[in-house]
Number of protein chains: 2
Amino acid sequence: MLQYQALNEYKAINYARKLRNMFKTNAELVCEEIGDGNLNLVFRITDKSSEKSIIIKQALPYARVVGEAWPLTLERARIESQALNVQQSICPGFVPIVYLYDSTMALTVMEDLSSHLIMRKGLVTRECYPHFACHIGTFLARTLYLTSDLALPSQMKKEKVVQFSNPEMCNISENLIFTDPYFASETNPFNPLIADKVVELRENNQLKLEVAKLKEGYLTHAQALIHGDLHTGSIMVTKESTKVIDPEFAFYGPMGFDIGAVIGNLLISFASHEGHTIDLQERMDYQAYLLTMIEQIWTYFEKEFRDLWEKESKERMAVIPGFVDHYLLQILVDAAGYAGCKMIRRIIGLVHVWDMESIDDPSLRAKAEKLALSIGKELVLERQQVQRINDITSLVRQLTG
Amino acid sequence: MLQYQALNEYKAINYARKLRNMFKTNAELVCEEIGDGNLNLVFRITDKSSEKSIIIKQALPYARVVGEAWPLTLERARIESQALNVQQSICPGFVPIVYLYDSTMALTVMEDLSSHLIMRKGLVTRECYPHFACHIGTFLARTLYLTSDLALPSQMKKEKVVQFSNPEMCNISENLIFTDPYFASETNPFNPLIADKVVELRENNQLKLEVAKLKEGYLTHAQALIHGDLHTGSIMVTKESTKVIDPEFAFYGPMGFDIGAVIGNLLISFASHEGHTIDLQERMDYQAYLLTMIEQIWTYFEKEFRDLWEKESKERMAVIPGFVDHYLLQILVDAAGYAGCKMIRRIIGLVHVWDMESIDDPSLRAKAEKLALSIGKELVLERQQVQRINDITSLVRQLTG
């Protein structure tokens, strides 16, 4: 195909048939469009006889969540496939394998992960993932450290900054995470039962000042190739395995943004369980489990990061005593702030999350949402006081009280 | 000419003759190579009958200061001409006019500023420049503010980050300013009479840690299109006029780096007068004059920056109370730190400066160099305590004592 066209299930099968070394001639292919995201088409193509399957993910020239009125670059398909390749090379087995990237069609053919579940859904049903903290901590440390100035020759890093320049997708995050939630707008729906809290938050100048500072960091701090959208909907899990998907927001940004995305979304799950009607003890146990998971993620991250610093540093100044400690503390402080921003935007911004939306009763949902807002707000405001990961989890415990 | 070749005076005249609308046919052209820089050829071509003149600045494929063993990208000629155009459009009259950029020849034909003097030389002979503080303060505010995320639409700024990606030139600064001076090396000559201070400084882990943080900012903080080498050798002056030249190190970096370059180099001049044999009162008067100039530069900068913030902000978060104050304070703190780094590298790094080199007596020069080192060190170490520009000048007064 010489020109871009959006696939449908029929065309996706035809496309898949033409792929080399993928399916046998005359394989009985079936196709299902499974995209529940906001921006793309996602087709799963399965050979019914062999059960072999692939994913074809195609970018649409507009944001699916809003429609054709919001045009959006197809470049994000390139960014995504290239980011997946970088991540695969740095941290093999933690992202889907890319079989093919087709720039004309703005699509990527990749490994099917249908044995895995979107983590956000598993968190709603209080699943446990015993290896997740180790997996994601390691993934974060390796992908962030090894794409930064610490590990790459100065000129190579700058080439990658150019390669992963991602203006349109960054602009979405700038608006949806750091700006829109703080101004009254029809594009920011929220539960009417939390209206007082929303007003209060939008009048909190200290909070908005801190969000402005965090936005400045997102706009300017080209520290590492970050995933850029690492919420629990971009993570697929089994008990044994963790796969990070959808890096179409990838660009050179602050390391703390990715770590904050993971922490913030686990804390959204934490808060959501205040609103799910379950046994009190069961809730408290699962909430405690999530906080322990957050502590473990940071612990694994820090250990791997320090190992890499010790063994893989190209930066000559890395040998200076105290630099790694300072660097890690800045990441942690940033992560706390970005976690807070991510929590707030999911409650009062354009795109809400299943953790909360799965609570039918609006007043129960309001209870959970208020807790998420208050945790988010305090993380943003108090992040400079954070010295270790337990300062974050302690703050959450206090606010849950 | 279809292929790059380095010009000589004869070839430069031939090149100039072929330029459209520049000189009359059969004009009597004379040429002088006036490059006293470290990286380029600079030819002045004058029509003897009309006195009309131009500059042809050509990049060499190696660093002139070291020789052909240090190859260097010709891309810097593009960066320089494009940066001059941006600066001219934002702050007309403060940079030489670009008549032509020739990518094949890696050269820029530009306005001759022979009526102006390199400022560094004027400072050695204790000249006064009554408009300089206003000029450079305004230039800094306009070029930095108007190329930042504050003033540019988010996507346009990111396009400019790519356009001005400048890996090779940045790498020079990373090494010469932020790394090499802190490690013993033959490429770091210094006056043997200050050897004890150099050893002391290289063993100061607290200082090196702060330099490492400042280097991280230089590597990652893509805040504005900075000049990147704004020392007093990149500024040409008359009593009435100020021209900023040579932006071949331009890239998206921290605003404080440019301001720090100006302040740091004025403070090198300040310190150098400790070593020049002149009347005590005269020295003290001129040193006081330089400190007042630094205070005025910041005052003009801040005033213009606040004006622009008020009138030209595209960033929606700019309206948040306190954001401009926070932003300016961060710039000032950065400027103090970068000023310190710039002072240190000129005393114990690869490229020294005329302020000091013009002091013949090594022991007098050592006195001046020690003062420069001690001011530089304290600026780096104490920058987080700086709240206003007078905190910087007070610190200098104390150390001079």
Side-chain angles (χ1 to χ4, degrees), chain A residues 73 148-150 153-159 161-175 178-180 182-183 205-224 251-255 315-327 330, chain B residues 73 148-150 153-159 161-163 165-175 178-180 182-183 204-224 251-255 315-327 330:
Chain A
T73 176
S148 77
D149 283 294
L150 296 161
S154 149
Q155 301 181 38
M156 191 185 296
K157 185 258 187 165
K158 290 179 184 70
E159 285 163 19
V161 170
V162 170
Q163 178 188 353
F164 288 100
S165 178
N166 199 355
E168 277 195 56
M169 302 304 281
C170 285
N171 193 233
I172 295 175
S173 293
E174 290 154 20
N175 290 327
F178 296 108
T179 317
D180 293 349
Y182 303 94
F183 297 90
N205 280 330
Q206 192 54 42
L207 176 72
K208 289 192 288 184
L209 176 57
E210 295 307 316
V211 171
K213 294 179 192 173
L214 287 160
K215 182 178 182 182
E216 205 265 337
Y218 180 84
L219 286 165
T220 63
H221 197 194
Q223 201 174 17
F251 76 111
Y252 265 79
M255 294 181 179
E315 168 59 63
R316 282 194 282 160
M317 302 302 267
V319 298
I320 292 163
F323 191 23
V324 63
D325 308 291
H326 164 81
Y327 204 99
Q330 288 312 303
Chain B
T73 177
S148 77
D149 283 293
L150 296 161
S154 148
Q155 299 180 39
M156 191 185 297
K157 185 257 186 166
K158 290 178 184 71
E159 285 164 19
V161 170
V162 170
Q163 178 188 352
S165 178
N166 199 355
E168 276 196 57
M169 302 305 280
C170 285
N171 193 233
I172 295 175
S173 294
E174 290 154 20
N175 289 328
F178 296 108
T179 316
D180 293 349
Y182 303 94
F183 297 90
N204 187 333
N205 281 329
Q206 191 54 41
L207 177 71
K208 289 193 286 185
L209 175 57
E210 295 308 316
V211 172
K213 294 179 193 174
L214 287 159
K215 183 178 182 184
E216 206 265 338
Y218 179 83
L219 286 165
T220 63
H221 197 194
Q223 201 173 19
F251 76 111
Y252 265 79
M255 295 182 178
E315 167 59 64
R316 283 194 280 160
M317 303 301 268
V319 298
I320 292 163
F323 191 24
V324 64
D325 308 292
H326 164 80
Y327 203 99
Q330 288 311 303

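Excluded from the calculations below are hydrogen atoms, water molecules and symmetry mates; all remaining heavy atoms, backbone and side chain alike, are included. Each chain gets a letter, A, B and so on, in the order its sequence line appears, and its residues count up from 1. No experiment lies behind these values; they were computed from the predicted model shown.
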*Given a strict heavy-atom distance threshold of 4.5 Å, which part of B:Glu168 is in contact with chain A: side chain, backbone, both, or neither?*
both
*asked:* Under 4.5 Å from any heavy atom of chain A, what part of B:Asp149 do you find: side chain, backbone, both or neither?
replied: side chain
*asked:* Given heavy-atom pairs under 4.5 angstrom as the criterion, report whether the side chain, backbone, both or neither of B:Tyr252 touches chain A.
replied: neither
_Check: A:Lys157 side chain, B:Leu219 main-chain N or O, donor-acceptor pair, under 3.5 Å_ = yes
*asked:* Looking at every heavy atom in both B:Ala212 and A:Ile320, which two are closest together, and how far apart are they?
replied: CB-CD1, 4.4 Å
*Please state whether the side chain, the backbone, both or neither of B:Phe251 comes within less than 4.5 Å of a heavy atom of chain A.*
neither
*Tell me, for A:Asp180 versus chain B, whether the close heavy atoms (under 4.5 Å) come from the side chain, the backbone, both or neither.*
both
*Using modelled atom types only, decide if a donor and an acceptor are shared between the side chain of A:Lys158 and the backbone of B:Cys170 within a distance under 3.5 Å.*
no
*asked:* Please classify the contact between B:Glu315 and chain A as side chain, backbone, both or neither, with a heavy-atom cut-off of under 4.5 Å.
replied: side chain
*asked:* For A:Thr179, which atoms come within 4.5 Å of any heavy atom of chain B: side chain, backbone, both, or neither?
replied: both
*Taking B:His221 as the fixed residue, which of A:Glu216, A:Gln223, A:His221 is the one that meets the side-chain hydrogen bond (donor to acceptor under 3.5 Å, both in side chains) rule?*
A:Glu216
*Residue selection (most heavy-atom pairs with chain B, distance under 4.5 Å) from A:Lys215, A:Lys213, A:Glu174*: A:Lys213
*Among the options A:Pro321, A:Pro254, A:Ala224, pick out the one with the most heavy-atom pairs lying under 4.5 Å from chain B.*
A:Pro321
_Residues B:Phe183, A:Met317; criterion side-chain contact (heavy atoms from CB on, under 4.5 Å); working and verdict_ = CA-CA 10 Å; B:Phe183 297 90; A:Met317 302 302 267; 3.8 Å; yes
